[in-house]
Novice: 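Quick one: the structure is below, and I'll ask about it shortly.
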Amino acid sequence: MSYVDEVLERVIAQNPAQPEFHQAVKEVLESLRVVIEADEEKYRKEALLERLTTPDRQILFRVAWVDDKGQTQVNNAFRVQFNDAIGPYKGGLRFHPSVNLGIIKFLGFEQIFKNSLTGLPIGGGKGGSDFDPKGKSDREVMAFCQSFMTELYKYIGKDVDVPAGDIGVGAREIGFLYGQYKRITNLYEGVLTGKGLSYGGSLVRTQATGYGLVYLTEELLKCHGIDLAGKVVAVSGAGNVATYAIEKAEQLGAKVVTCSDSNGWIYDHDGIDVALLKDIKEVRRARLTEYAAAKPNAEYHEGKGVWSVKVDVALPCATQNELNLDDAKALVANGAMAVVEGANMPTTLEATQYLQENGILFVPGKASNAGGVATSALEMSQNSERLSWTAEEVDAKLKGIMVNIYHNIDDASKKYGMEGNYVAGANIAGFLKVVNAMEAQGIV
Ligand code: NDP
């Protein structure tokens, strides 16, 4: 049996009931096959793939907190420090009822390659909890965040592990987490990113993942002789990534006609009104039904459906496995030309394969949503320097990083004989840097 297949079997046997983790490992190892098989015995001897697919450390802890009725609540929490070969662990915290160890491991594993692709010195990690901030009062969210950090602070630090936001963790949660870290450690250090601007945050960090996604999409299309301006775009999600992807796509002349949340989706033929969307999601923390109430020309549909609309470009920005084979078929039938992932692993393996086989330009999230973590790394640099860069400076660096990532994955796909396969290009380019550092540092 080939070394890649051996390790895939091992990962599945040793990590039962973690399908998202298996999926992420399978996608990466399948595209590394060509690299590994060129020097299989060396990699097998070093147990390189076993080391790469086994986290350095997995921290599981209980978070007890008291709700507004005086009832004590208990949540499960996780921090997986996956690989620090090229820098301190870096990756977001997700607060969502679906969170479990397997999901955090899939996200942490993906993060290794994404962080490597940014070209910045950051390793891979991820964390979170099955706590649901939705419907909780600010006091309840604060109580949860303080209890969460009272345990997590033992394992993180500006040169050790630097968490950030993800689903359910935005500016409010980062503020509460940072306040508690500082209170316990007495350290004013850049231990979290996505901080508010008045206490060490970076300009453009809020917008970075969505903006970066669109910068990469623009470059991808440009290199295929296509102009993003004038194109019709479908976006899923209505959170941080989706909102700023919509904003930047519209600034660059595209028309975004959809967005969604976990209850339903909006079709707005006139183009999504991003100011209204921000007011609903960022200020009122309300549902998308409010969008249709405010804009009678827009349609609100319950359930899924964003990918059934006829568009040129699809940007999935909600969550994992939200774009399946049927959705991929609908996009192809409707003449879409590109699918560029804003979320982490939003496209199932079968859907990815179908899109690629049907000539759709497809870029995986680990490349196209890396703008968020890249700007987090820029926030770390500013914190270390005790300086703040201007928005123009950060935005220009973000754009440069995204353009560079596209060319990097494109070059890798060509070098390994898989031109246009950006999944393989991203996995190989991300892997080579990490593996080089791992080998240089010996068996650890
Ligand atoms: P937010 O919490 O801000 O928004 C998530 C959006 O997706 C919401 O509209 C939410 O709807 C929807 N959503 C979440 N879970 C589901 C689900 N199970 N089914 C349908 N819709 C769902 O998160 P972000 O925008 O920060 O993150 C979105 C994706 O992007 C995630 O995959 C995340 O890992 C990834 N990402 C985020 C980065 C960042 O900088 N924030 C960086 C890189 C990747 P509802 O409000 O109804 O739950």
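Computed from a predicted model, the values in this text were never measured in an experiment. We're numbering straight along the sequence, starting at 1. In listed order, ligands and their atoms are each counted from 1.
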Novice: Does the separation of the ring centres of Tyr406 and Tyr422 fall below 6.0 angstrom?
Specialist: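 Centroid distance Tyr406-Tyr422: below 6.0 Å, so yes.
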
Novice: What is the minimum heavy-atom distance between Ala412 and Gly425, and which atoms define it?
Specialist: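 Distance-wise, the nearest heavy atoms are CB-O, 3.6 Å.
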
Novice: Please report the shortest heavy-atom distance between Pro316 and Ser236, naming the atom on each side.
Specialist: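 Looking at all heavy atoms of both residues, the closest pair is CA-OG, 3.2 Å.
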
Novice: Backbone or side chain, does any N or O of Asn263 fall under 3.5 Å from an N or O of ligand 1?
Specialist: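 In fact, backbone or side chain, Asn263 has no N or O that close.
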
Novice: Where does Arg205 meet ligand 1, judged by heavy-atom distances below 4.0 Å: at the side chain, the backbone, both, or neither?
Specialist: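 Near ligand 1, Arg205 shows its side chain, while the N, CA, C and O stay back.
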
Novice: Output the list of atoms in ligand 1 that are nearer than 4.0 Å to some heavy atom of Ala343, sorted by atom number.
Specialist: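 Ligand 1 atoms under the 4.0 Å threshold to Ala343: 29 (C), 30 (O), 32 (O), 35 (C).
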
Novice: Measure from NZ or CZ of Lys136 to the centre of the six-membered ring of Phe131, then state whether that distance is under 6.0 Å and the direction lies within 45° of the axis.
Specialist: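 Yes, a cation-pi geometry.
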
Novice: With a cut-off of 4.0 Å, which atoms of ligand 1 are near a heavy atom of Ser260?
Specialist: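 So the atoms of ligand 1 that pass are 9 (O).
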
Novice: Measure centre to centre between the rings of Phe95 and Phe144, then say whether the value is under 6.0 Å.
Specialist: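 Centroid distance Phe95-Phe144: below 6.0 Å, so yes.
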
Novice: Using a plain distance cutoff, I'd like to know if Lys114 has any nitrogen or oxygen under 3.5 Å from a nitrogen or oxygen of ligand 1.
Specialist: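 Lys114 vs ligand 1: no N/O contact under 3.5 Å.
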
Novice: Using heavy atoms and a 4.0 Å limit, tell me yes or no: is Gly165 in contact with ligand 1?
Specialist: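 Contact check Gly165 vs ligand 1: negative.
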
Novice: Using distance alone, determine whether Leu107 and ligand 1 share an N or O pair under 3.5 Å.
Specialist: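 The answer is no, given that Leu107 and ligand 1 share no N or O pair closer than 3.5 Å.
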
Novice: Would you say Lys126 has any N or O atom under 3.5 Å from an N or O of ligand 1, going by distance alone?
Specialist: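 No, Lys126 has no N/O under 3.5 Å of an N/O on ligand 1.
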
Novice: Out of Ser262, Ala286, Ala370, Gly91, whose heavy atom sits nearest atom 22 (C) of ligand 1?
Specialist: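 Looking at heavy atoms only, the winner is Ser262.
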
Novice: When you compare the side chain of Ile156 with that of Tyr181, does any pair of heavy atoms fall below 4.5 Å?
Specialist: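 In short, these two side chains touch, coming nearer than 4.5 Å.
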
Novice: Within the structure, does Asp261 bring an N/O atom to less than 3.5 angstrom of an N/O atom in ligand 1?
Specialist: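 In this structure, Asp261 places no N or O atom under 3.5 Å from an N or O of ligand 1.
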
Novice: Mind checking whether Cys317 has an N or O less than 3.5 Å away from an N or O of ligand 1?
Specialist: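 Min N/O separation from ligand 1 is not below 3.5 Å for Cys317.
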
Novice: What are the two closest heavy atoms between Leu117 and Ala429, and how far apart are they?
Specialist: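 Shortest heavy-atom separation between Leu117 and Ala429 comes out as CD2-CB, 3.8 Å.
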
Novice: Distance under 4.0 Å to a non-hydrogen atom of Arg287: what atoms of ligand 1 satisfy this?
Specialist: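 Those of ligand 1 that fall under 4.0 Å from Arg287 are 45 (P), 46 (O), 47 (O).
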
Novice: In this structure, does ligand 1 have an atom that sits under 4.0 Å from one of the heavy atoms of Lys304?
Specialist: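 No, Lys304 has no heavy atoms under 4.0 Å from ligand 1.
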
Novice: Which residue is it: Glu290, Lys281, Lys295? I am looking for the one with a side chain to side chain contact (heavy atoms under 4.5 Å, CB included) to Leu276.
Specialist: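 Single pass found, and it is Lys295.
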
Novice: Give the atom numbers and elements of ligand 1 that come within less than 4.0 Å of a heavy atom of Arg94.
Specialist: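 Near Arg94, the atoms of ligand 1 are 31 (C), 32 (O), 33 (C), 34 (O).
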
Novice: Is the closest heavy-atom distance from Glu322 to ligand 1 below 4.0 Å?
Specialist: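 So Glu322 does not count as touching ligand 1.
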
Novice: Applying a strict 4.0 Å limit to heavy atoms, is Met345 in contact with ligand 1?
Specialist: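 Distance cut 4.0 Å: Met345 fails for ligand 1.
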
Novice: Within the structure, does Gly168 bring an N/O atom to less than 3.5 angstrom of an N/O atom in ligand 1?
Specialist: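 Yes, Gly168 has an N/O under 3.5 Å of an N/O on ligand 1.
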
Novice: Purely on distance, is any nitrogen or oxygen of Gln320 under 3.5 Å from one on ligand 1?
Specialist: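 No: no nitrogen or oxygen of Gln320 is under 3.5 Å from one in ligand 1.
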
Novice: Find out whether the Lys NZ or Arg CZ of Lys397 is both under 6.0 angstrom from the six-membered ring centre of Trp389 and within 45° of the ring's axis.
Specialist: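 Judged by the rule (NZ or CZ under 6.0 Å from the ring centre, within 45° of its axis), Lys397 counts as positioned above Trp389.
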
Novice: Could you check whether any heavy atom of Gly371 sits closer than 4.0 Å to an atom of ligand 1, since that is the contact criterion I want to use?
Specialist: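 It does not; every heavy atom stays at 4.0 Å or beyond.
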
Novice: Which atoms of ligand 1 have any heavy atom of Gly342 under 4.0 Å away?
Specialist: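 Reading through ligand 1 atom by atom, the close ones are 30 (O), 44 (C).
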
Novice: Show the atoms of ligand 1 that are less than 4.0 angstrom away from any heavy atom in His96.
Specialist: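 Answer for ligand 1: 15 (N).
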
Novice: Who gets closest to atom 16 (C) of ligand 1 by heavy atom: Asn240, Thr319, Thr375?
Specialist: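 Shortest heavy-atom distance from atom 16 (C) of ligand 1: Thr319.
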
Novice: Below the 3.5 angstrom mark, is there an N/O of Asn344, backbone or side chain, next to an N/O of ligand 1?
Specialist: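 Yes; the residue has a nitrogen or oxygen that sits under 3.5 Å from a nitrogen or oxygen of the ligand.
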
Novice: Quick one: are Val257 and Ile272 in side-chain contact, heavy atoms under 4.5 Å?
Specialist: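 Sidechains of Ile272 and Val257: no contact.
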
Novice: If hydrogens are left out, which of Ser368, Ala374, Ala318 has an atom nearest to atom 29 (C) of ligand 1, that is, the closest non-hydrogen atom?
Specialist: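 Checking each option, the heavy atom nearest atom 29 (C) of ligand 1 is found in Ala318.
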
